[in-house]
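Working notes, beginning with the structure itself.
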Amino acid sequence: MTQQTSPDEVARIFDAEVRDAGDAPFEPSWNVAPTDPVTVVLQRDDGRAVERHRWGLVPPWAKAVKEGARNINARAEGIAESPTFRTSFRKRRCIIPADGFYEWQRTGGKRRQPWYLAPDTDDAVLALAGLWSVWKDPVSGVWVPSTTVITTDANDDLATLHDRMPVLLPQDAWAAWLDPEVQDQGLLLSFLRPAPDGVLEMHAVSTRVNDVRNDGPELIEALAEGDADDAGAGDRPAAEEPARSTGAGTGRRRAAQADTEGQGTLFD
DNA sequence: CCAGACGTTGTT
DNA sequence: GTCTGG
DNA sequence: CCAGACGTTGTT
DNA sequence: GTCTGG
């Protein structure tokens, strides 16, 4: 996924407060990879918080943090029963604010063609449905917050790329999803369905995104027409010093007003 | 009772 | 932590 | 998700 | 083929 929106901006959009920014400082990213820190929105006792969690849910019984790597996604089907996810589904739901996400298309050959998907409404932030947990490292005693992205069937827009997609929560579902007091599993599960068609724009991008060492706004640039099989940089080594764009105009978005309006229209 | 799993993706 | 398999 | 490793002994 | 790292 991509996360360019700053925690402060996310806090405005979701009516939350930034917490725990120190542990995993925010950097805009166009290539958020498993085990990387991700910005999440969740409900604490004293209000909504924007935090940074490790991507890949580490269950409480894990012996090592790496065990979370397998849990980067949680299938919506069975999420209420699975030992790894059910407690989080009942008590620790969150939203992962993403500017866009990637899907890899199997082309028949070995190469996987990445596509970038983002709201067709400029300035909207996607609200990916997620779960979170905390795990205490038995060796160091350090508490590690972690998160997972819930997936469901792909909608028709994505069907040619892949058969799954992240769950996108419409704005009118945010409050119930984040509220740990809400226990109506039927209601919660009803949110976990494919997004309506037409809310996402998609275009093929360079295979540079396939290497986690690459990052920067160039990763989401559309390939020229007919270049879908282009190697990009997938068969070349990643840059030794990957670009972290600090250029003007990146990592910023316009007023939250526009964001919330955009989001509000996504599922009308 | 203890040991071992606990997950998703995609491929065959 | 909790469930399943043996 | 994709990329990259997948191994030991011994030497510098 | 399968696992680990990011």
Side-chain angles (χ1 to χ4, degrees), chain A residues 1-3 24 27 29-38 52-92 96 98 100-118 126 128-136 138 144 146-154 158-167 192 202 204-216 219-220 230-244:
Chain A
M1 72 186 85
T2 70
Q3 284 193 325
E27 291 285 347
S29 176
W30 290 262
N31 201 357
V32 179
T35 72
D36 283 348
V38 290
R52 302 275 289 166
H53 287 202
R54 179 186 170 98
W55 187 15
L57 189 140
V58 186
W61 60 80
K63 293 185 182 66
V65 70
K66 66 179 180 183
E67 292 178 43
R70 74 180 64 177
N71 304 321
I72 60 174
N73 295 121
R75 290 176 68 92
E77 311 90 329
I79 201 173
E81 291 84 32
S82 115
T84 300
F85 300 123
R86 63 187 169 192
T87 306
S88 289
F89 177 61
R90 284 198 293 265
K91 301 192 297 195
R92 293 185 294 272
I96 296 119
F101 61 94
Y102 301 98
E103 294 289 356
W104 278 263
Q105 181 182 37
R106 299 230 158 215
T107 55
K110 288 179 181 173
R111 168 155 286 114
R112 310 251 178 118
Q113 175 60 52
W115 291 70
Y116 180 66
L117 298 107
L126 295 173
L128 275 52
L131 305 176
W132 63 279
S133 191
V134 283
W135 173 80
K136 187 181 184 182
V144 180
S146 60
T147 189
T148 189
V149 175
I150 300 173
T151 64
T152 185
D153 289 324
L158 277 75
T160 59
L161 304 184
H162 192 47
D163 62 345
R164 305 288 296 173
M165 72 182 296
V167 170
L192 307 182
M202 51 189 260
V205 295
S206 161
T207 52
R208 277 179 299 196
V209 75
N210 292 11
D211 193 309
V212 299
R213 291 169 293 188
N214 294 325
D215 198 357
L219 295 184
I220 65 173
D230 159 81
D235 55 356
R236 282 190 283 276
E240 289 183 14
E241 292 185 36
R244 274 282 185 188

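Chain letters run A, B, ... following the sequence lines, proteins first and then strands; every chain starts at 1. Only this structure's heavy atoms are used, side chains among them; waters, hydrogens and symmetry mates stay out.
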Could you work out which one of [options] sits closest to the side chain of [X]?
| X | options | value |
| --- | --- | --- |
| A:Lys66 | E:dG5, D:dG4, D:dC1 | E:dG5 |
| A:Pro83 | D:dA3, B:dT8, C:dG1 | C:dG1 |
| A:Arg164 | B:dG7, D:dC1, B:dT9 | B:dT9 |
| A:Trp61 | D:dC2, C:dG1, E:dG6 | C:dG1 |
| A:Thr84 | D:dG4, B:dC6, D:dC1 | B:dC6 |
| A:Arg86 | D:dC1, B:dT9, C:dC3 | C:dC3 |
| A:Asp211 | D:dG4, E:dG6, B:dG7 | D:dG4 |
| A:Phe85 | D:dC1, B:dT8, D:dA3 | B:dT8 |

Nearest whole Å is fine: how far is [N] [atom2] from [X] [atom1]?
| X | N | atom1 | atom2 | result |
| --- | --- | --- | --- | --- |
| A:Ile72 | B:dT9 | CD1 | P | 9 Å |
| A:Lys136 | C:dG1 | NZ | C1' | 16 Å |
| A:Trp55 | D:dC1 | CH2 | C1' | 6 Å |
| A:Arg92 | C:dG1 | CZ | P | 12 Å |
| A:Arg90 | C:dG1 | CZ | P | 15 Å |
| A:Ile220 | D:dC1 | CD1 | P | 22 Å |
| A:Asn210 | D:dG4 | CG | P | 10 Å |
| A:Arg70 | E:dC3 | CZ | P | 10 Å |

* Structure fact -> Checking N1-N3 plus N6-O4 or O6-N4 for Watson-Crick, or N1-O2 and O6-N3 for wobble, each under 3.5 Å, the partner of E:dT4 is D:dA3
* To do: Could you let me know what B:dT8 is paired to, Watson-Crick or G-U wobble, both distances under 3.5 Å, or none if it's on its own?
  => none
Say you pick atom [atom1] in [N] and the same atom in [M]; how far apart are they, in whole Å?
| N | M | atom1 | answer |
| --- | --- | --- | --- |
| D:dC1 | B:dT8 | P | 11 Å |
| E:dT2 | D:dG10 | P | 33 Å |
| B:dC2 | D:dT12 | C1' | 49 Å |
| C:dC3 | B:dT9 | P | 25 Å |

* Structure fact -> Which of A:Pro37, A:Ser146, A:Pro34 passes side-chain contact (heavy atoms from CB on, under 4.5 Å) with A:Trp55? It is A:Pro34
Within the 4.0 Å heavy-atom criterion, would you say [X] contacts the bases, only the backbone, or no part of the nucleic acid?
| X | value |
| --- | --- |
| A:Thr151 | sugar-phosphate |
| A:Ala74 | sugar-phosphate |
| A:Ser82 | sugar-phosphate |
| A:Pro60 | nothing |

* Audit row: A:Trp30, A:Val209, side-chain contact (heavy atoms from CB on, under 4.5 Å) steps and yes/no -> CA-CA 8 Å; A:Trp30 290 262; A:Val209 75; over 6 Å; no
* To do: Please determine if a side-chain N or O atom of A:Arg75 lies less than 4.0 Å away from the OP1 or OP2 oxygen of B:dT9.
  => yes
* Mind checking whether A:Arg164 and A:Glu103 have side chains closer than 4.5 Å, heavy atoms only? -> no
* Would you check if A:Ser29 and A:Thr2 make a side-chain contact, meaning some heavy-atom pair closer than 4.5 Å? =>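 No; the side chains remain at least 4.5 Å from each other.
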* How long is the span from the CD atom in A:Glu77 to the CG atom in A:Leu192, to the nearest 0.5 Å? ->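 With rounding to 0.5 Å, CD (A:Glu77) is 9.0 Å from CG (A:Leu192).
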* How are the rings of A:His53 and A:Trp132 set relative to one another: parallel (under 30°), tilted (30 to 60°) or perpendicular (over 60°)? -> perpendicular
* Distance-minimising heavy-atom pair for A:Thr84 and A:Trp61 ->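 Closest pair (atom of A:Thr84, atom of A:Trp61, distance): CA-CH2, 3.7 Å.
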